[in-house]
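So the structure is just underneath, and the comments pick up after that.
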Amino acid sequence: MRLLTHNMLSSNVKGVVNGFPLRLEASTWVEKEVDFNADFLRSMFSKIDWPALFGAAQTVGYVALPESADASMLESEDFLKKFHHALLEIHVEEGALVCPETGRRFPINKGIPNMLLNEDEV
């Protein structure tokens with residue numbers, strides 16, 4: 001699961017008001033090279049919740065991202081490369097996503113988050 005995916009997921013358990021961002025617990029992650037596309041990154045920037053991305057990157061030990069970011073930084077190739085690496089090249093293979101409100105754990109196995117709810121959670 002890429003950190004891009006993590007940034008788009010939230011808990012939909014019945015009664016949850018604040019299901020985003022899910023806390024990332026990563027036990028295994030890998031880095032996979034992806035072609036750099038500055039235009040894609042610029043178009044995605046406004047859709048990304050930066051504090052959630054920053055926190056997820058910190059969880060897997062990637063500390064090159066700034067704590068806050070704004071659109072003016074998109075002119076810097078150095079920033080874009082760090083953003084690219086965090087968003088697209090870090091893949092969480094094993095771990096869990098945890099609902100910030102209920103503590104419900106959604107497992108990540110072989111890079112796939114299982115967000116299926118139990119019958120009583122719908």
Side-chain angles (χ1 to χ4, degrees):
M1 176 191 78
R2 294 176 175 162
L3 296 189
L4 170 62
T5 304
H6 168 263
N7 205 270
M8 301 294 163
L9 295 174
S10 64
S11 175
N12 290 314
V13 173
K14 178 174 55 178
V16 169
V17 176
N18 183 25
F20 181 86
L22 296 166
R23 188 177 77 246
L24 177 62
E25 294 178 353
S27 56
T28 307
W29 62 91
V30 296
E31 295 181 11
K32 298 180 182 179
E33 191 172 329
V34 175
D35 291 338
F36 180 77
N37 183 333
D39 291 332
F40 173 77
L41 295 168
R42 288 186 185 103
S43 70
M44 285 303 296
F45 182 79
S46 65
K47 297 168 181 68
I48 297 298
D49 182 282
W50 192 264
L53 177 62
F54 176 79
Q58 294 278 309
T59 298
V60 297
Y62 185 63
V63 296
L65 288 180
E67 190 169 348
S68 61
D70 61 63
S72 69
M73 300 171 89
L74 296 173
E75 299 307 313
S76 164
E77 187 168 337
D78 182 55
F79 171 77
L80 286 174
K81 287 187 177 182
K82 291 174 183 175
F83 180 38
H84 165 80
H85 183 71
L87 200 65
L88 301 172
E89 294 185 329
I90 296 172
H91 290 249
V92 177
E93 296 292 321
E94 303 292 331
L97 298 171
V98 182
C99 175
E101 193 171 307
T102 65
R104 164 69 150 87
R105 296 171 55 82
F106 299 95
I108 304 168
N109 295 308
K110 298 179 183 174
I112 301 169
N114 181 349
M115 302 297 292
L116 294 175
L117 300 175
N118 297 322
E119 204 172 295
D120 63 330
E121 296 173 315
V122 180

Glu31 side, atom CD; Ile90 side, atom CD1 - distance, nearest 0.5 Å: 6.0 Å

Taking the side chain as every heavy atom from C-beta outward, state whether Leu97 and Met115 have any pair of such atoms under 4.5 Å apart. yes

Between Asp78 and Ser76, a side-chain donor and acceptor under 3.5 Å: no

Polar side-chain atom of Glu101 near backbone of Val17 as donor-acceptor pair, under 3.5 Å: yes

Validation row: Pro66, Met73 side chains within 4.5 angstrom (heavy atoms): yes

Just jot down the side chain to side chain contact (heavy atoms under 4.5 Å, CB included) partners of Ala52, sequence neighbours excluded, or say none. Asn7, Phe20, Pro21, Asp49

Kindly give the heavy-atom pair with the smallest separation between Val60 and Ala26, and that separation in Å. CG1-CB, 3.8 Å

Donor-acceptor contact below 3.5 Å, side chain Thr59 vs main chain Gly55: yes

Any donor and acceptor pair, going by atom type alone, linking the side chain of Glu121 with main-chain N or O of Asn118 inside 3.5 Å? yes

Going by heavy atoms in the side chains, are Leu74 and Leu41 under 4.5 Å from each other? no

Are any non-hydrogen side-chain atoms of Ser11 and Leu22 less than 4.5 angstrom apart? yes

Regarding Glu89 and Lys81, does a basic nitrogen lie under 4.0 Å from an acidic carboxylate oxygen? no

Would one find more than 12 heavy atoms of other residues, nucleotides or ligands at under 6.0 Å from atom CG of Asp35? no

Is the side chain of Glu94 donor-acceptor paired with the backbone N or O of Thr28 at a distance under 3.5 Å, no angle test? no

Under 4.5 Å between side-chain heavy atoms, hopping through other hydrophobics if needed: is there a path connecting Leu117 to Met8? yes

Residues Glu25, Arg105; criterion side chain to side chain contact (heavy atoms under 4.5 Å, CB included); working and verdict: CA-CA 9 Å; Glu25 294 178 353; Arg105 296 171 55 82; 2.2 Å; yes

Within the side chain of Trp50, is there an N or O that forms a donor-acceptor pair under 3.5 Å with the backbone of Phe45? no

Within 45° cone of Phe106 ring axis and under 6.0 Å: Arg104 NZ or CZ: yes

Just so I know, are the side chains of Leu4 and Ile48 near enough to count as touching, which here means a heavy-atom distance under 4.5 Å? yes

When rounded to the nearest 0.5 Å, the distance separating CG of Leu80 from CD of Glu75 is 8.0 Å

Any idea which heavy atoms bring Val98 and Gly103 closest together, and the distance? CG1-O, 3.6 Å

Which residues satisfy the ring-ring contact (aromatic ring centres under 6.0 Å, His included) test with His84, sequence neighbours excluded? Phe36

Is it the case that the side chain of Asn114 and the backbone of Leu116 share a donor-acceptor pair, with hydrogens and angles ignored and the cut-off at 3.5 Å? yes

Could you check Val92 against His6 for side chain to side chain contact (heavy atoms under 4.5 Å, CB included), going step by step and ending with a plain yes or no? CA-CA 9 Å; Val92 177; His6 168 263; over 6 Å; no

Please tell me if the side chains of Glu33 and Leu88 come closer than 4.5 Å, counting only heavy atoms from C-beta onward. no

Nearest heavy-atom neighbours spanning Leu87 and Arg2: O-CB, 3.7 Å

Between the side chain of Ser43 and the main-chain N/O of Phe40, is any donor-acceptor distance below 3.5 Å? yes

Pairs meeting criterion ring-ring contact (aromatic ring centres under 6.0 Å, His included) with involvement of residues 56-78, two or more places apart: Tyr62-His85

Looking at His91, is its backbone amide N or carbonyl O close enough to the side chain of Trp29 to form a donor-acceptor pair, meaning the two atoms are under 3.5 Å apart? no

Between Val122 and Lys14, is there a side-chain heavy-atom distance shorter than 4.5 Å? no

Test item: Leu3 and Leu24 side chains (from C-beta on) under 4.5 Å apart, heavy atoms: yes

